[in-house]
Amino acid sequence: MRTITHQGMTFEERFTPAQIQEAVTHLAQRINHDYEGRQPLFICVLNGAFVFAADLMRQVSLDCRITFVRLRSYEGTATTGQITELIGLSEDVYHRDVIVVEDIVDTGNTMHYFKHKLEENGATSVRVASLLFKPDALQREDARPDYIGFEVPKHFCIGYGLDLDGLCRNLDAIYTLKQNK
Ligand code: IMP
Ligand code: MG
């Protein structure tokens, strides 16, 4: 098993590039099936989802568009659920079938906020495709993703777009923080 050490912490490879591609293919097939005959708008949540979105999109065979937003969850010791939009929505979502592409749903605060916003703006439907999902961390039931690549425990994940202080997004696999046994 591959491991890397970063900022004094050890991370173990959890999903190989091949496993990730298999999961992405499976998600794309489900989306192709579910949205047949429709033209969904994909919204990629930067920064973390850029790698996943790029791989997913290339396996989607529907007529579709993609746009980008950049959201940041409130940074502090306590989670308040406050979200900052660093880059907002540039596309009209009124009467559109929207698929939000996320790297990971953790507490669900970000998706809770963003799904509400899309619904307020008149989207016909809003679904979330998240590569990773931490069910044990979820605080907002309405943020449970519709399309999930992998469910993971509440351990910190890096690689394939996910970062540690902005670094490690370029790793080709997904690594999780090694737990002291
Ligand atoms: P939530 O609002 O708590 O669901 O968290 C959403 C955002 O926090 C994700 O889009 C990620 O950007 C970040 N995040 C949560 N867990 C992790 C992790 O394990 N590694 C890297 N980023 C994470
Ligand atoms: Mg994210």
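Order of appearance sets the numbers: ligands from 1, and atoms from 1 within every ligand.
Interface of D163 with ligand 1, defined as ligand atoms under 4.0 Å from a residue heavy atom, comprises 21 (C). With ligand atoms numbered from 1 in the order given, ligand 1 contributes 10 (O) to contacts under 4.0 Å with heavy atoms of E102. Atoms of ligand 1 found under 4.0 Å from any heavy atom of T110, numbered from 1 in the order shown, are 1 (P), 2 (O), 5 (O), 6 (C). Listed by atom number, the atoms of ligand 1 under 4.0 Å from C157 heavy atoms are 18 (C), 19 (O), 20 (N), 21 (C).
When I104, V45, I83, V105 are checked for heavy-atom proximity to atom 14 (N) of ligand 1, I104 turns out nearest.
The shortest heavy-atom distance from K134 to ligand 1 is under 4.0 Å. At least one heavy atom of G108 sits closer than 4.0 Å to an atom of ligand 1.
Side chains of I43 and F68 form no contact here, defined as non-hydrogen atoms less than 4.5 Å apart.
With a 6.0 Å radius and a threshold of 12 heavy atoms from other residues, nucleotides or ligands, H26 has its NE2 atom at or below the threshold.
Salt-bridge annotation for K134 and D106: present, with a side-chain N of the basic residue lying under 4.0 Å from a carboxylate O of the acidic one.
Going from atom CG of L71 over to atom CE of M111 covers 6.0 Å, rounded to the nearest 0.5 Å.
The side chain of D103, and not its backbone, has at least one atom closer than 4.0 Å to an atom of ligand 1 (non-hydrogen atoms only; side chain from C-beta on).
Residues V98 and V69 are members of one and the same hydrophobic cluster, defined by side-chain heavy-atom contacts under 4.5 angstrom among Ile, Leu, Val, Met, Phe, Trp and Tyr.
For L162, the side chain to side chain contact (heavy atoms under 4.5 Å, CB included) partners at least two apart in sequence or on another chain are D103, I104, L132.
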